[in-house]
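The first residue of the sequence shown is numbered 1, and numbering continues consecutively from there. The structure displayed is predicted, hence computed values, not measured ones. Atoms considered below: every heavy atom in the structure, side chains included; atoms not considered: hydrogens, waters and symmetry mates.
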Amino acid sequence: MTGVESAVGRRAGAGPVLLGVRHHGPGSARAVRAALEEVRPRVVLIEGPPEADALIPLAADEEMRPPVALLAHAVDEPGRSAFWPLAGFSPEWVALRWALDHDVPARFIDLPATHTLAWGSKEDEAPEGEHPPDAEGTADGDTGPGPGPAGLRIDPLRVLAETAGYDDPERWWEDVVEHRGAGEDVLAPFTALEEAMGALRETYGSGGHDRDLVREAYMRLQVRAAQREFDDGVAVVCGAWHVPALRRKATVAADKALLKGLPKVKTDLTWVPWTHRRLSRSSGYGAGIDSPGWYGHLFSAPDRPVERWLTKVAGLLRAEDRIVSSAHVIEAVRLAETLAAMRGRPLPGLSETTDAVRAVMCEGSDVPLELVRDRLVVGDVLGEVPPSAPAVPLQRDLARLQRRLRLKPEALERELELDLRKENDAARSRLLHRLRLLGIAWGEPAASRGSTGTFRETWRLRWEPELSVRIAEAGVWGTTVLSAATAKAETDAVTAQGLADVTALAEHCLLAELPGALPTVMRILADRAALDTDVGHLAQALPALVRSLRYGDVRGTDTGALAEVAAGLAERVFVGLPPACAALDADAADEMRRHVDAVHQAVGLLGDAPAAGHGRLRGRWQSVLRVLSGRDTVPGVIRGRAVRLLLDDGELAHDEAALLMGLVLSPGTPPADAAAWIEGFVGGGSGGGLLLVHDERLLGLVDAWLTGVPAEAFTDVLPLLRRTFSAYEPGVRRTLGELVRRGPGTGGGATAAGGGTPGFAADLDLVRADAVLPVVRLLLGLDDVHENTGNDLAGVTG
């Protein structure tokens, strides 16, 4: 290749300077900055997609704060995308900023994204939404893809570290690069690294990956073009693995032949925010550095990096209420320096500072150390991109809404409590629900720690860089969040596979307040409900539909039509459920029991919807439960659950429930059917354990039946019984065991001698109540202490 000589030869005007780097390496970044200051090139060529050349000036914008990434995606298929992340300590970012600060042209010279995204190799093609190989940088910057003799990919840093006698490539890199002081020859580090990579390329070649050969051919062509334009004033910043290939002499015809016939796809590029966590291997995204927060500190600390780092650690631990003094910091610095000397290292590295923090500040515990790793070693730094960066219209509308609602994207996960009675919180809720419907999972609903009313919502928010891809994908539905969510909901309703999917979509439309989509969804819902004859489908769809009715009062949406559909759906369930419960096997019966529970809960919630005829529906449902409880063709697990639901609603007396249980547990009932009835009655996490604790008649029936099960049938019913009783709380199981051990009727106050309520004494035990009252007053915050114990107890229990 004409004019591509060694880096040292640049001073004699022999050719361009080739600066081989490790992507996201602070040592490489400092060396690049020093080299550019020394050689003062007329143009800077950087490994990256050339379509992004127009975006380079944005790197000088005051609102641009790394880490950021170049995002390329196919116009017609936004999910096909690639990222090129750049941190503040990335050599490429340093080269960009140096060129902009010195009015020197900067250009990207890697294979264009139009080919990268269209590449059809199944071997190298990245998963949807992720980067193709080398788009994000790896352990050595381009950790060479070269496979060894066995065809495995090698890690050049690991090979070099092992050659030098290190078992950790990160430690080797710190010793030879990060802790290396500035020498007289600023290009010497690049010459040494180039020689090492050249030896590796001679041994492992290109690794058998055609993509690397094509990329390097394209880069050679771009270097030649820059040489013709700028003579010898060219500096190239690229992964060290590629430097030997760029050094290799090759004809223009040979390079062009490698590029002939490459597939193409129309692409768009822009800048997007990135995070330190996404630069870490621990995130699963594999950018190739374990400790981006530590590397950022090394790059930004002007002096005494160890002292400054341990001061940061102390501040973090103090914020978490751990006692860490200045003496701890001093002692930790001394220990880190001592460890470095004992290990033969020029300066303390991350391993030495971590060991010192564990021993001095964490008292040998790894628990607070994990916090240090998460918050500082990796970190949650989120970059920023100026509004002037190219973006799809949907992205701009989302940014406008984020500013108006004061919802700033953050890399650190946080909880957001919303009170839907407040207009701003209600608008936030609508936005988050609309984004979820579009597949943009910025927020996920979480269980509220406060009120469980429908006017409260809790969200868990965390902004991930790949959400930019999801926004680009969702841009096909509309130019605003509202229009896109409406169009997406209408399409989802038309293409929904089942009735439950449509009812869930109706719920989402109410939560997201999409009045434009609701008529279409309701029409399809009514049509599907009228045509679907599967009771299981109807029962599965009803709960989501009824839940949706609860949002009308708080969100101000009209749910009248929804209530009518829900009532009609419930009526169809009532009619079809008894026949559908006949002649079911064990698995089908268990599934139908879950449907019965769901319908029971839905009928209860319909009490908030007057248009649904609550009283009539509730009476009809109780009639259905009575039919299920007494029909022999219905599986035992469903009959038992029907009896339990009637008992809980007060529609069945305890004596009647005991009579039904006695009939089922009589010797004439097969043991397996009786065990299934017990599971339906007291299983499924429905509080059945407490029912048995407080009603020893029922417990005595279960105990007597269990002791009478024939030995040959006992092994068949045992798994079912263990599943039933294992769901109880440990305290409930312990109490049941004590009651069974002492036998029924011998529990003193457990059964009333005068025929009172089983499980309770005939009168209040005021002496025992007096012992409890101080704790009750403390829990309820009652300041006044009354002398009349009886009145006090009545006031508490009333």
Side-chain angles (χ1 to χ4, degrees), residues 78-79 81 127-130 272-278 280 282-285 374-375 378-382 394-395 397-399 401-422 424-475 477 481-482 484-486 488-489 492 496 500-501 503-514 517 543-545 547-548 550-551 554-555 557:
S81 59
E128 182 176 328
E130 296 189 9
V272 296
W274 204 252
T275 67
H276 273 181
R277 193 170 298 278
R278 279 299 189 211
S280 168
S282 63
S283 70
Y285 207 71
D374 184 68
R375 298 281 184 86
V378 176
D380 283 296
V381 179
L382 176 65
L394 181 63
Q395 172 69 68
D397 183 62
L398 175 57
L401 292 173
Q402 289 171 333
R403 289 193 297 271
R404 182 170 68 84
L405 300 176
R406 298 187 296 278
L407 269 180
K408 184 178 180 180
E410 296 176 353
L412 184 64
E413 184 178 284
R414 69 184 179 100
E415 280 195 355
L416 178 68
E417 291 281 349
L418 299 179
D419 184 344
L420 302 182
R421 296 168 297 185
K422 300 177 180 179
N424 192 65
D425 281 4
R428 288 176 170 183
S429 172
R430 289 193 294 269
L431 173 62
L432 293 172
H433 280 295
R434 289 169 183 174
L435 292 177
R436 286 194 76 221
L437 197 148
L438 288 169
I440 304 170
W442 176 20
E444 290 292 336
S448 178
R449 293 174 294 181
S451 171
T452 58
T454 56
F455 63 88
R456 288 279 185 187
E457 273 189 357
T458 302
W459 290 83
R460 188 173 292 111
L461 301 182
R462 183 169 187 162
W463 187 266
E464 301 285 1
E466 57 265 29
L467 292 179
S468 300
V469 178
R470 303 283 83 81
I471 294 172
E473 288 182 300
W477 299 108
V481 175
L482 175 59
T486 300
K488 180 71 160 50
D492 287 350
D501 296 332
T503 56
L505 187 59
E507 183 179 10
H508 294 159
C509 287
L510 287 172
L511 292 169
E513 195 173 312
L514 302 177
L545 198 59
R547 282 196 307 269
S548 303
R550 306 178 67 199
Y551 307 126
V554 175
R555 298 173 184 273
T557 53

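The distance from the CZ atom of Arg430 to the CG atom of Leu418 is 11.0 Å, given to the nearest 0.5 Å. To the nearest 0.5 angstrom, His433 atom NE2 is 13.5 Å from Leu438 atom CG. The distance from atom CG of Asp380 to atom CZ of Arg278, rounded to the nearest 0.5 Å, is 11.0 Å. Going from atom CH2 of Trp442 over to atom CG of Leu435 covers 7.5 Å, rounded to the nearest 0.5 Å. Taking CH2 from Trp459 and CD from Glu415, the interatomic distance works out to 12.5 Å, rounded to the nearest 0.5 Å. Separating the CG atom in Leu514 from the OG1 atom in Thr486 is a distance of 4.5 Å, to the nearest 0.5 Å.
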Evaluate Arg414 against Glu410 for salt bridge (charged side-chain N to carboxylate O under 4.0 Å, His left out), listing each step before the verdict.
CA-CA 8 Å; Arg414 69 184 179 100; Glu410 296 176 353; 3.2 Å; yes

(request) Evaluate side chain to side chain contact (heavy atoms under 4.5 Å, CB included) for Glu413 paired with Trp463, printing each intermediate quantity in order. (result) CA-CA 8 Å; Glu413 184 178 284; Trp463 187 266; over 6 Å; no

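By the 4.5 Å heavy-atom criterion applied to side chains, Ile471 and Leu398 are counted as neighbours. Side-chain contact between Ser429 and Leu511: absent, with no pair of heavy atoms (C-beta onward) separated by less than 4.5 Å. At least one side-chain heavy atom of Arg277 sits less than 4.5 Å from a side-chain heavy atom of Arg462. Contact of the Leu382 side chain with the Leu412 side chain is not registered, since no non-hydrogen atoms from C-beta on lie closer than 4.5 Å. Inter-residue side-chain proximity for Arg456 and Asp419 is flagged as met; some heavy-atom pair is nearer than 4.5 Å. Contact of the Arg436 side chain with the Pro445 side chain is registered, since non-hydrogen atoms from C-beta on lie closer than 4.5 Å. Between Ile440 and Val481, the closest side-chain pair of non-hydrogen atoms is not below 4.5 Å.
Residues Leu437 and Ala489 approach most closely at CD2-N, 3.8 Å, considering heavy atoms. Between Pro409 and Gln402, the closest heavy-atom pair is CG-NE2, 3.6 Å. When every heavy atom of His276 is checked against every heavy atom of Gly379, the shortest pair comes out as CB-O, 3.9 Å. The two residues Leu394 and Gly475 come nearest to each other via the heavy atoms CD2-N, 3.7 Å. The nearest pair of heavy atoms linking Asp425 to Glu417 is OD2-O, 4.1 Å. Closest approach of Ala496 and Asp501 over heavy atoms only: CB-CB, 3.9 Å.
Using modelled atom types, no side-chain atom of Arg460 and backbone atom of Ala446 make a donor-acceptor pair closer than 3.5 Å. Side-chain N or O atoms of Arg434 include one that pairs as donor or acceptor with a backbone N or O of Glu513 at under 3.5 Å. With hydrogens and angles ignored, the 3.5 Å screen pairs a side-chain donor or acceptor of Arg428 with a backbone N or O of Leu405.
When each of Asn424, Leu401, Leu461 is tested with Leu407 by the rule side-chain contact (heavy atoms from CB on, under 4.5 Å), just one qualifies, namely Leu461.
Shown here are the salt bridge (charged side-chain N to carboxylate O under 4.0 Å, His left out) partners of Arg406, two or more places apart in sequence or in another chain: there are none.
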